[in-house]
Each structure stands twice: as structure tokens, then as C-alpha cells.
2 protein chains.
Amino acid sequence: MEKKPNVDPSFPKEFRSTCPIACVLDILGDKWTLLVIRDLFLNKHRYGEFTESPEGIPTNILADRLRRLEAAGIIRKVLYQSNPPRAEYYLTSKGADLGRVLGAMRKWAERHVPGVMSPETFPQPEIRD
Amino acid sequence: MEKKPNVDPSFPKEFRSTCPIACVLDILGDKWTLLVIRDLFLNKHRYGEFTESPEGIPTNILADRLRRLEAAGIIRKVLYQSNPPRAEYYLTSKGADLGRVLGAMRKWAERHVPGVMSPETFPQPEIRD
DNA sequence: CAGTATCCATTTTGATACTG
DNA sequence: CAGTATCAAAATGGATACTG
């Protein structure tokens, strides 16, 4: 992981390095983002469903993370009613590709964190590109 | 991911829920921890090697993360000299099992984050239990 | 219900200096 | 080199109130 200046001028300057792990962390590496994605894998799609998850995400954080994930192309906001505007959130295929990351995390936890309660296997999430 | 009260009294109260994803995030879910683990996979073992990584982890953060990872049984501190005391850090087998998580993150980044520069495949890390 | 906004406390961080 | 200590700044978090 030596310092190699990146040649790609479109490479986001807010990324700390070009290391794939570091890039993923710059996109998803906080306390809440992957939990929102987990919920999408559990086929939750509405704001209220996310807030009901047992971890209790604060609404301001949720709104922020939904915005960022959409900006990153990982989820898509789909209006299902225009007045008042109501939306549902879906994984894109880019987002659905995080399934292996979540799966690896789940397996590690099942093996190494006593007391975890896994959901039935993650269902195939519904994708909307 | 419904609210199920955990029966295991030894289950850490600081964990937000018994969801495996949430548990992993409570252990590793910040901006720096997985980068330290990545470095260990790249067979870096000494303090100075971690600080040389391109992301530039501050020394106070590094010291804190090494302490926490050791407390979590993910790494082990091995003294290689006693005066002055000098240590090297190694993955335990519990830590080495995070290889699949890192691997999944790397693959996702390679596919979806233009401009990432992957290292040669992660070598088999040296394990010390 | 689906958000937005606000306010404040706590945490995290970055930078730097210091010690043996 | 391998850390520890300090401190200000920034990010994040939690609680709650508010709107259509």
C-alpha cells in the first residue's frame, strides 16, 4: 500500500487513497450506512421501516445517509405518490453487489461473536436500476 | 431484524442489537480500524509501518485502535525486545477470518469504484494465536 | 407517515509536541 | 522508533419539535 499518486483526474479528491478498502470505507465506513443497506436487503423500502429497526437510527442521520447513498448510485429513490411526495428506496445493482460484503460480515459474526441472532438468510433483494 | 431481547447475559451491552451486521460495525465500523487490519494482511507488523500507509493515520488513533483490536482478540501484541519495550502486532485466527470481508470489499471496489489501485492479492497473513 | 430542522452533547479527528 | 499526551476543530449523534 505504498504511496502512488493517482493519475485519474476524476478520482475523488476526498478519498484518502486509491486502496480499494480505503475507498469502500470512505463511501460506507461509518456506524449507520451499512445498516440501511442491510435493511434494503431485508426488503425494507420506506423511511418508517428503517427507523423501526432495533438499532434506532436517528431521523436526521437516516435522511443524510439516504441522500449520500443515492448520490453514490447505491440506492435509488422511487416516488410512488406525488402529493404529498412519497418515496421508496431500492438497491441498484451496484448496491446489490454489496451482498457479498454483508454476507462475509454475517459469517464472521456468526463464527466469532457469541450471541448474534442472524435473520433467515438474506432474501434476494429487489433491484431497481 | 425485529427487536428480540437477547437472553445471553454475557452479550455486550454496548452493542446496539444482536444483528450480526450491527455487531461487526460496533467492533470494526469506523474510518480507521479496517485499514489497520488491511495493513496486517499486507504483513505489516510495526507501529511505524502502519503510520506510513498512504491514508496517514494519526498516532493517537492508531494507538487506540491497536488497543481495541487486541481487547477484541483480533490482533495480538508480541514483544520482540524488552528494553526499551518493542512490539509487533499480528492477526489472530479470529482476525485472519476477516480476510473474506476484506476480499469482498476489494472486489466490490474493483468493480464499482473507478480508479482504485489494488495491491497484488492479499498475501496469506502470518497468524499468531 | 415521510421527512426536515434545530440544538446540544459526545465522539472522533487531525495536528503537533513530547518522552524514553 | 514506538508510543503517549494534549487540544482545538469537525463530524457525528441523540432527542425532539415541526410540517404537509
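Since the model is a prediction, treat every value here as computed from it, not as a measurement. Hydrogens, waters and symmetry mates play no part in the numbers below; they use all other heavy atoms, side chains included. Proteins come first, then strands; the chains are lettered A, B, ... in the order of their sequence lines, and each starts at number 1.
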Asks: So what does A/Asn60 hit on the nucleic acid, given a heavy-atom distance under 4.0 Å: a base, only sugar-phosphate, or nothing?
Replies: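 Base contact.
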
Asks: Would you indicate which nucleotide in D/dT4, C/dT13, D/dG20 comes nearest to any side-chain atom of B/Tyr47?
Replies: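 That would be D/dT4.
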
Asks: Across the strands shown, which category fits B/Arg16 at heavy-atom distances under 4.0 angstrom: base, sugar-phosphate, nothing?
Replies: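 Here B/Arg16 touches no strand at all.
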
Asks: Can you tell me whether the side chain of B/Arg46 and the base of D/dC1 have a donor-acceptor pair closer than 3.5 Å?
Replies: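 Check fails, no donor-acceptor contact within cut-off.
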
Asks: I need the CD-C1' distance between B/Glu52 and D/dC1, as an integer number of Å.
Replies: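 For the pair B/Glu52 CD and D/dC1 C1', the rounded distance is 10 Å.
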
Asks: How far apart are the C-alpha atoms of B/Cys23 and B/Phe11, what are their side-chain angles, what is the distance that settles it, and do they pass the side chain to side chain contact (heavy atoms under 4.5 Å, CB included) test?
Replies: CA-CA 10 Å; B/Cys23 290; B/Phe11 191 75; 3.7 Å; yes

Asks: What is the pairing partner of D/dA9, taking Watson-Crick or G-U wobble pairs with both distances under 3.5 Å in any strand?
Replies: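 C/dT12 is the nucleotide pairing with D/dA9.
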
Asks: Give the rounded distance in Å between these two atoms: NZ of B/Lys44 and P of D/dA2.
Replies: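 In whole Å, D/dA2 P and B/Lys44 NZ are 13 Å from each other.
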
Asks: Looking at C/dG14, I'd like to know if its phosphate oxygens (OP1 or OP2) sit under 4.0 Å from a side-chain N or O belonging to B/Lys31.
Replies: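 Checking C/dG14 against B/Lys31, a side-chain N or O does come within under 4.0 Å of OP1 or OP2.
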
Asks: Checking B/Arg46 against B/Tyr80: charged group under 6.0 Å from the ring centre and within 45 degrees of the axis?
Replies: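 Flagged: B/Arg46 positioned over aromatic ring of B/Tyr80.
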
Asks: Mind calculating the distance between CG (B/Leu66) and P (D/dG3) to the nearest angstrom?
Replies: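 Rounded to whole Å, this separation is 8 Å.
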
Asks: Does a donor on one side chain and an acceptor on the other come within less than 3.5 Å for A/Tyr47 and A/Glu49?
Replies: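 Note: A/Tyr47 and A/Glu49 side chains miss the donor-acceptor criterion.
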
Asks: The side chain of A/Arg68 lies closest to which of these nucleotides: D/dT12, D/dT4, C/dA2?
Replies: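 Per side-chain heavy atoms of A/Arg68, the pick is D/dT12.
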
Asks: Would you classify B/Phe50 as touching base, sugar-phosphate or nothing, given that sugar-phosphate means primed atoms plus P, OP1 and OP2, and contacts are heavy atoms under 4.0 Å?
Replies: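 Touches nothing.
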
Asks: Is A/Asp64 touching bases, backbone alone, or none of the nucleic acid, heavy atoms closer than 4.0 Å?
Replies: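 Here A/Asp64 touches no strand at all.
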
Asks: Taking CD1 from A/Ile61 and C1' from D/dT16, how many angstroms apart are they, rounded to a whole number?
Replies: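 A/Ile61 atom CD1 is separated from D/dT16 atom C1' by 14 Å.
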
Asks: Determine: side-chain N/O of B/Arg65 to OP1/OP2 of D/dG3, distance under 4.0 Å, yes or no.
Replies: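 Answer no for this pair, as no side-chain N or O of B/Arg65 is under 4.0 Å from OP1 or OP2.
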
Asks: How many whole angstroms separate atom CG of B/Asp39 from atom C1' of D/dA2?
Replies: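 Checked: the CG to C1' distance equals 16 Å.
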
Asks: Any side-chain N or O of B/Trp32 below 4.0 angstrom from OP1/OP2 of C/dT12?
Replies: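 It does not, given that no N or O in the side chain of B/Trp32 lies less than 4.0 Å from OP1 or OP2 of C/dT12.
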
Asks: Please determine whether a side-chain nitrogen or oxygen atom of A/Tyr80 lies at a distance below 4.0 Å from atom OP1 or OP2 of C/dC1.
Replies: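 So the side-chain polar atoms of A/Tyr80 never come under 4.0 Å of the phosphate oxygens OP1 or OP2 of C/dC1.
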
Asks: Just checking, any donor-acceptor pair under 3.5 angstrom between side chains of B/Arg128 and B/Tyr89?
Replies: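 Absent: no donor and acceptor within the cut-off.
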
Asks: How long is the straight-line distance from CD1 of A/Ile21 back to CG of B/Leu102, given to the nearest 0.5 Å?
Replies: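 Reported value, rounded in 0.5 Å steps: 4.5 Å.
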
Asks: Please give, in whole Å, the distance from C/dT13 C1' to A/Asp30 CG?
Replies: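 Rounded to the whole Å, the gap is 15 Å.
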
Asks: Ignoring the backbone of B/Lys77, work out which of D/dG20, D/dG13, D/dG3 is nearest its side chain.
Replies: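 Of the options given, the side chain of B/Lys77 lies nearest D/dG3.
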
Asks: Got a second to check how far A/Leu35's CG is from A/Leu40's CG, nearest 0.5 Å?
Replies: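 The distance works out to 11.0 Å.
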
Asks: Mapping A/Ile57 and A/Pro84 to their closest nucleotides on DNA chain D, which lands nearer the 5' end?
Replies: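 Looking at the nearest nucleotide for each, A/Ile57 comes out on the 5' side.
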
Asks: To the nearest Å, give me how far apart CD (B/Glu70) and C1' (D/dG3) are.
Replies: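 For the pair B/Glu70 CD and D/dG3 C1', the rounded distance is 14 Å.
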
Asks: Between B/Tyr89 and D/dG3, is there a contact of a side-chain N or O with OP1 or OP2 at under 4.0 Å?
Replies: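 Looking at the OP1 and OP2 atoms of D/dG3, one of them is under 4.0 Å from a side-chain N or O of B/Tyr89.
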
Asks: Find the partner of D/dG20: check Watson-Crick (N1-N3 plus N6-O4 or O6-N4) and G-U wobble (N1-O2, O6-N3) distances, both under 3.5 Å, and reply none if neither fits.
Replies: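 Base partner found: C/dC1.
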
Asks: Distance check needed: C/dA15 P versus B/Leu62 CG, whole Å only.
Replies: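 About 15 Å, once rounded to whole Å.
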
